[in-house]
Amino acid sequence: MENDILKGLNPAQLEAIQAPDGPLLILAGPGSGKTRAITHRIAYLVRAKGLSPWRILGVTFTNKAAREMKDRLNQLLGPTVAGQLTLGTFHAFGAKVLRVDGVGIGIDRAFAIYDDSDQVALLKACLQDLSLDPKKYPPKAIQNVISAAKSHLLTAEDYIQKTSSYFEEIAGRTYERYQGRLREAKAVDFDDLIMLPVLLFRQQPDIAAKYQERYRHILVDEFQDTNIAQYELAKVLAAEHRNLCVVGDPDQSIYSWRFADIGNILSFEKDFPDARVVYLEQNYRSTKTILEAASHVIKANLERKPYNLWTENASGIPVVLTEVYDEAEEAQFVVAEVEKLVGQEKRRPGDCAIMYRTNAQSRALEEAFLRYGMPYRLVGATRFYERREIKDALAYLRVLSNPSDGISLARIINVPGRGIGQRTVEELSTWAQHQGLSLYAGLQAAVKGETPLPFAARTRRALQDFLGVMENLRSDVGKVDVVTLLDTTLQKAGYKDYVLAEEGGDERWENVLELRTVASGHLDLSPEEGLASFLEGVALVSDVDDLDQRAEAVTLITLHQAKGLEFPVVFIVGMEEGLLPHARSRDSGDPAQMEEERRLCYVGMTRAKERLYLVRAFRRSFQGRSGPNLPSRFLADIPRHLTTSPKGLLGAVEPEPKKLSLGPNLEPGDQVRHARFGEGTVVAVFPSGDDREVTVAFQGTGIKRLLQSFAKLEKVE
DNA sequence: GCCTCTGGATTTTTT
DNA sequence: ATCCAGAGGC
């Protein structure tokens, strides 16, 4: 067993895994086996050092990374032992701490977790409380200020102390109000999940000691993307045993705009002067050519510690630089190239990924993939948990779990429409606020006629009906399981009928059913805990997390989201000035932001194992207007001998010329089968050049427009 | 209270 | 081009 843990590893990896107790900094280049090192170190601590797995905390940035780590450790240690490890994101860990020990700093056990849009909604209410004009003080901007403050562990009081401008002064006051409102709503935001545990540990050393004693070893992944608060949390936890192991790569730091601080790596060496430093420099992922090309791009950054990434992999083939006319041709080129690779090299679509700087770029690509019937998956465009129907359904449950949650209540009080208008909610909310009551309590008072508010009889009746439904449902909380609760709620609140009645309602309802499936994963707990853990789970999980790479589809993904992934074939599109580097970074005049753009490019390039394409369009439409673009400066940093430009210059790329074989004659009403989408009904058929565009309503997948020559539709009877 | 129109703003977004 | 929020009309 122990042999397994140390087998097939290089000397640097072994050093990282077997490093004696004490602070440890692992600087790991892309593809250098960092996840392997960190999981094997955990296994080594358990197996060779006899450490109880219960005493190990592993922190990652995404749930996906946590799950990967868990899978590997299940294999190395077996599920029984691995199950005792604490593995998760900083936020999930923080939530656990607050759930168990937050009462000491006034955090209710049933606290809700507010996401971005909840925060903005709450901030709007705060601005209104303070009679501030949201045009002058945009809630988004204030949210950013508050998030920055919390990422630096500054409470509202701390922040107000150091304000130095009028705007900051206002922001400070709003922060204070916001925090008060959060408390009243028994809610915390994402940043609180980090900051509050730190404050808790500072204020209550006995509680801190409990965690410090328990966790003998703490390991932090993606350390280059931690913020000050997260680093502080890790340090506090490690204060007793000083066994803090951090793994990161400064060259892959791409989240500074979320207040991640590369400085943490430097601080680590200062905070722990005795830290052992291990470099993982051998790359197992990419060809020599790809690695060298990427190295030349990153090398141009001045603020960096150079290190020497190398590989024993084959040289491979040159990086392909392609110039196309515009985004439509770019998309066509990509699809045609993927098709060629699938046909000639027996690649699978799932081997390929298309990466871009901004989400808006996915549209043209998506269109091409759709039209050519090439399967693709778009990562994180409209994120599952941000969909309206999902947020609504969750808001109902959140109110049932925590009636103080005014933001959630305001969200669903008139959804579906039940005659409770904005005006009514506003008046009710203001009155409740003045009485020191939650919106829900205000609603109860209004129904009992205990408010001076002159509501019309009709309004009063609407409020009464709504409260009746909610009270009824509330009596089920703690009695019925979370799935039953969800079902009854959507039924009794009339939400199901409401969703199904609207345009595209079937698809929306499918989403709700998917949510229901997620809920059914919490049935092993008591009704109360099941509800709580479901709500916490959905708050802390993003759907990007379950990107299934085995799927037979090309991945469309932003460069940011691609971090940590790898693909045999990578296309980076939009290699243009203004996009990559993005104009916002370029024009900010801040060299640090330009360096981050370069790192982003580096991250993208180093995702590729065998084939890398860098595509640049001469002209691109941008927010309705179209204009010429210069090639990205990063292209100029790649030595010519590593590249090839097979198609020559502008406009030379033709989409694969195809013999059109249209297949069966189709007309509306016909049943057809598609290799990926399954069976469906033809809705419409239009001629499109030599081809036919067929609109098909697929069972489950919904309505798709396909070009018949590519989609290879079979007629079924 | 609900519907429609207009105007403003649109990088990235692990949680 | 397009999505969203807020304003104004019914």
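The sequence lines fix the lettering, A, B, ..., with proteins before strands; numbering per chain opens at 1.
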Asker: Report the distance from atom NZ of A/Lys64 to atom P of B/dT15, rounded to the nearest whole Å.
Answerer: 11 Å
Asker: B/dT12 base stacked by A/Trp257? Criteria: ring centres under 5.5 Å, plane angle under 30°.
Answerer: yes
Asker: Could you check how far CD1 of A/Ile254 sits from C1' of B/dT12, rounded to whole Å?
Answerer: 8 Å
Asker: According to the 5.5 Å centroid and 30° plane-angle thresholds, does A/His582 stack upon the nucleobase of B/dT11?
Answerer: yes
Asker: Looking at the rings of A/Tyr495 and A/Tyr498, which for Trp means the six-membered one, are their centres under 6.0 Å apart?
Answerer: yes
Asker: Using a cut-off of 4.0 Å on non-hydrogen atoms, how would the nucleic acid contact of A/Asn414 be classed: base, sugar-phosphate, or nothing?
Answerer: sugar-phosphate
Asker: Among A/Tyr356, A/Trp257, A/Phe61, which residue meets the ring-ring contact (aromatic ring centres under 6.0 Å, His included) test with A/His560?
Answerer: A/Trp257
Asker: Using the side-chain heavy atoms of A/Lys124, tell me which of these nucleotides is nearest: C/dG6, B/dT14, B/dG1.
Answerer: C/dG6
Asker: Within this structure, what is the CG-to-C1' distance between A/Asp115 and B/dT15, rounded to whole angstrom?
Answerer: 10 Å
Asker: Starting at CD1 of A/Ile557 and ending at P of B/dT14, how long is that distance when rounded to a whole Å?
Answerer: 10 Å
Asker: Do the side chain of A/Arg584 and the base of B/dT11 come within less than 3.5 angstrom through a donor-acceptor pair of N or O atoms?
Answerer: no
Asker: Does A/Gln623 put a side-chain nitrogen or oxygen below 4.0 Å from OP1 or OP2 of B/dA9?
Answerer: no
Asker: Does a side-chain N or O of A/Asn63 approach OP1 or OP2 of B/dT15 to a distance below 4.0 Å, or not?
Answerer: yes
Asker: Looking at CD1 of A/Ile228 and CE of A/Met195, how far apart are the two atoms once the value is rounded to the nearest 0.5 Å?
Answerer: 14.0 Å
Asker: Is any NZ, NE, NH1 or NH2 atom of the basic residue among A/Glu595 and A/Arg304 found under 4.0 Å from an Asp or Glu carboxylate oxygen of the other?
Answerer: no
Asker: As a test of reading the structure: which of C/dT2, B/dT15, B/dT11 is closest to the side chain of A/Arg363, going by heavy atoms?
Answerer: C/dT2
Asker: Judged by each residue's nearest nucleotide on DNA chain B, which is more toward the 5′ side, A/Gln422 or A/Thr89?
Answerer: A/Gln422
Asker: What is the distance, rounded to the nearest whole Å, between atom CZ of A/Arg620 and atom P of C/dA1?
Answerer: 17 Å
Asker: Does A/Thr424 have a side-chain nitrogen or oxygen under 4.0 Å from the phosphate oxygens OP1 or OP2 of B/dG1?
Answerer: yes
Asker: Under 4.0 Å, counting only non-hydrogen atoms across every strand here, what does A/Phe622 touch: a base, just sugar-phosphate, or nothing?
Answerer: nothing
Asker: Starting at the 5' end of DNA chain B, which residue's closest nucleotide do you reach first, A/Gly417 or A/Gln593?
Answerer: A/Gly417
Asker: Take the protein atom NZ of A/Lys140 and the nucleotide atom P of C/dC4, then report the distance between them rounded to whole Å.
Answerer: 13 Å
Asker: Under 4.0 Å between any heavy atoms, over every strand shown, what does A/Arg625 touch: base, sugar-phosphate, or nothing? Just pick one.
Answerer: nothing
Asker: Go through B/dT14, B/dG1, B/dT15 for me and flag the one nearest to the A/Gln561 side chain.
Answerer: B/dT14
Asker: I'd like to know if the side chain of A/Arg599 and the backbone of A/Ile254 have a donor-acceptor N/O pair within less than 3.5 Å.
Answerer: no
Asker: Could you tell me whether the phosphate oxygens of B/dT11, OP1 or OP2, come under 4.0 Å of any side-chain nitrogen or oxygen in A/Asn359?
Answerer: no
Asker: Nearest of B/dG1, B/dT11, B/dT14 to any side-chain atom of A/Glu597?
Answerer: B/dT11
Asker: When you check the side-chain N and O atoms of A/Asp261 and A/Tyr231, is any donor under 3.5 Å from an acceptor?
Answerer: no
Asker: May I ask you to evaluate whether A/Asn227 reaches the phosphate of B/dT15, defined as a side-chain N or O under 4.0 Å from OP1 or OP2?
Answerer: no
Asker: In this structure, how many angstroms lie between the P atom of B/dT13 and the CD atom of A/Glu596, rounded?
Answerer: 13 Å
Asker: Rounded to the nearest Å, what distance is computed from the CG atom of residue A/Leu123 to the C1' atom of nucleotide C/dA5?
Answerer: 16 Å
Asker: Is the distance from OP1 or OP2 of B/dT11 to the nearest side-chain N or O of A/Thr558 less than 4.0 Å?
Answerer: no
